[in-house]
There are 2 protein chains.
Amino acid sequence: MKNLITVSLVEDDLDICSSLAKLINNTNVFTCIHQYHDCQSGVEGIVKDPPNIVLMDIGLPDRSGIEGISEIRAKLPDLNIIVLTAHENDDYVFNALCAGASGYIIKEASTERILGAIHEVLNGGAPMSTQIARMVVKSFQRKNTTTLSPREMEVLNELCTGKSYKMIADVLFISEETVRRHLKSIYKKLHVSSKSEAVAKALKERLI
Amino acid sequence: MKNLITVSLVEDDLDICSSLAKLINNTNVFTCIHQYHDCQSGVEGIVKDPPNIVLMDIGLPDRSGIEGISEIRAKLPDLNIIVLTAHENDDYVFNALCAGASGYIIKEASTERILGAIHEVLNGGAPMSTQIARMVVKSFQRKNTTTLSPREMEVLNELCTGKSYKMIADVLFISEETVRRHLKSIYKKLHVSSKSEAVAKALKERLI
DNA sequence: GTATCAATAACCTAAACGGGTTAATTTCGA
DNA sequence: TCGAAATTAACCCGTTTAGGTTATTGATAC
């Protein structure tokens with residue numbers, strides 16, 4: 001008995017599920033240890049008996065596979081989850097990656113591609129089309145449509161580390177009053193009215 | 001004269017630069033309109049006369065190409081920039097993508113791959129290895145090592161929209177005092193001591 | 001079945017913050 | 001060279017926040 005890489009499936013279509021299991025068990029490196037047919041039992045089962053790799057449908061009947069991914073990753077942060085999807089370039093795929101998936105596989109893909117994707121994930125890769133990759137990359141590039149002055153940007157930067165007026169004044173070598181002055185201007189430009197709101201906006205829209 | 005797609009190069013190695021220019025000009029869809037050999041003149045020239053695509057070395061002599069990318073994107077947010085790099089899986093590549101690049105090309109790649117990558121970017125893709133893709137994906141997945149209670153998570157979520165105690169109390173149908181109570185607990189668990197600090201930590205470490 | 005924790009609520013006090021107003025100096029572009 | 005914008009600084013006043021203390025209820029765990 002070899003030391004096989006264990007795989008669990010979460011897929012409500014029984015035909016697809018069993019053919020995937022067969023495909024996996026026909027290799028001499030992978031073994032399918034569990035098949036779940038809904039999200040709830042999948043999450044519970046995987047947390048109880050974690051495999052090395054999970055293949056998970058995101059179009060499940062009871063609840064979104066996205067939530068399932070979040071839950072599993074909360075308990076098992078290092079488990080590699082690969083999303084099964086019917087259509088490429090789905091917004092679901094993007095959200096699944098945000099939730100913690102390591103890549104995705106089109107259900108209609110060839111057996112070589114499916115096994116290849118699993119290998120890729122195990123080797124630290126993230127199989128995805130360049131379109132999805134572009135969405136992912138774009139999502140953390142700053143948009144930069146605001147017109148904050150350089151000094152205001154510095155103040156905002158310090159603000160986003162959670163500093164008080166006094167602490168910001170100290171690191172920028174200006175008076176607390178001047179910090180307050182800049183903050184007023186920043187609030188006006190960002191259309192906010194408190195420190196936490198400014199921090200939230202700056203970090204969410206990647207202004208800093 | 002056809003309506004060619006214009007390309008500008010920023011590359012300090014004159015040999016590489018001219019052979020790339022030849023490669024580009026030998027196609028019947030691209031034309032190389034400018035060649036710059038350092039970052040500073042590249043940034044200035046590109047902003048003055050923007051091409052459709054920029055190929056940019058990130059190992060430039062005068063200053064980091066990463067900064068150059070940031071500057072160009074600040075002025076021309078929609079310009080597609082492709083990074084030229086000597087070695088794959090470089091941390092530089094990752095940072096370049098964060099700064100606004102749309103993909104990258106290994107200098108030693110075949111001519112087909114180079115032209116293919118340009119086409120890919122023009123078609124909305126982001127050419128990159130799955131290893132880099134994994135780095136990118138990981139960078140926005142939450143780590144979630146904290147132990148906030150469900151209710152505390154809800155409060156933190158509202159906090160991250162910039163709400164005051166009173167506003168949070170209203171949307172969660174609890175008293176302001178209870179919001180305050182949860183915040184105290186959250187501060188202790190996150191090791192922070194103000195709203196903006198909590199928001200910064202929550203957003204930066206993707207707790208929400 | 002009791003102990004621990006989550007969620008709810010209240011009060012007090014000092015510190016921090018937000019909005020309004022005014023003003024000097026510098027710097028940069030038209 | 002003149003004006004606009006940026007940076008610096010100060011004061012007042014009312015509101016919001018942070019930290020400390022105490023307490024009840026329900027659920028979960030051991």
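We use all heavy atoms of the structure for the numbers below, so side chains are in, but hydrogens, waters and symmetry mates are not. Proteins come first, then strands; the chains are lettered A, B, ... in the order of their sequence lines, and each starts at number 1.
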Where the side chain of [X] meets the backbone of [Y], is there a donor-acceptor pair that is under 3.5 Å apart?
X: A/Lys201; Y: A/Leu190; result: yes
X: A/Asp38; Y: A/Gln40; result: yes
X: B/Thr6; Y: B/Asn52; result: yes

Integer-rounded Å distance: [N] [atom2] and [X] [atom1]:
X: A/Arg151; N: D/dT8; atom1: CZ; atom2: C1'; value: 9 Å
X: B/Lys184; N: D/dT22; atom1: NZ; atom2: P; value: 12 Å
X: A/Glu152; N: D/dA6; atom1: CD; atom2: C1'; value: 8 Å
X: B/Glu177; N: D/dA18; atom1: CD; atom2: P; value: 13 Å
X: A/Arg181; N: D/dC11; atom1: CZ; atom2: C1'; value: 14 Å

key: D/dG19 phosphate, OP1 or OP2, under 4.0 Å from B/Tyr187 side-chain N/O   =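 Negative; the distance criterion is not met.
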
message = If you compare every side-chain N and O of A/Thr178 against the phosphate oxygens of D/dT7 (OP1, OP2), does one of them come in below 4.0 Å?
response =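 Negative; the distance criterion is not met.
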
ask   = Do A/His119 and A/Phe30 have ring centroids that are under 6.0 Å from one another?
value =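 Centroid separation for A/Phe30 and A/His119: below 6.0 Å.
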
key: Range on DNA chain C touched by chain B, heavy atoms, distance below 4.0 Å   =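 Contacts span C/dA6 to C/dC11, reading 5' to 3'.
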
Member of A/Lys107, A/His37, A/Gln35 meeting the side-chain hydrogen bond (donor to acceptor under 3.5 Å, both in side chains) criterion with A/Glu11 =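 Among A/Lys107, A/His37, A/Gln35, the one meeting side-chain hydrogen bond (donor to acceptor under 3.5 Å, both in side chains) with A/Glu11 is A/Lys107.
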
query = Would A/Lys166 and A/Ser164 satisfy side-chain hydrogen bond (donor to acceptor under 3.5 Å, both in side chains), going step by step from the backbone distance to the final call?
reply = CA-CA 5 Å; A/Lys166 176 155 180 47; A/Ser164 68; over 6 Å; no

query = Under the criterion salt bridge (Lys or Arg N to Asp or Glu O under 4.0 Å), which of A/Glu154, A/Glu158, A/Glu176 is the partner of A/Lys163?
reply =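 When salt bridge (Lys or Arg N to Asp or Glu O under 4.0 Å) is applied between A/Lys163 and each of A/Glu154, A/Glu158, A/Glu176, only A/Glu158 qualifies.
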
request  = Determine the minimum heavy-atom distance between B/Tyr187 and B/Lys195, stating which atoms define it.
outcome  =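 Nearest pair, atom of B/Tyr187 first, then B/Lys195: OH-N, 3.0 Å.
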
message = Once you apply a heavy-atom cut-off of 4.0 Å, does A/Ser194 come out as touching a base, just sugar-phosphate, or nothing?
response =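 The answer is sugar-phosphate, as A/Ser194 gets under 4.0 Å only of primed atoms, P, OP1 or OP2.
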
key: Residue mapping more 5' on DNA chain C - nearest nucleotide basis, A/Arg180 or B/His182   =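 Of the two residues, B/His182 wins.
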
ask   = Does any residue of residues 157-176 of chain B have a heavy atom under 4.0 Å from DNA chain D, and if so, which ones, in number order?
value =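 Close to the strand are B/Ser164, B/Tyr165.
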
Any side-chain heavy-atom pair of B/Ile24 and B/Leu55 under 4.5 Å =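 A side-chain contact under 4.5 Å exists here.
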
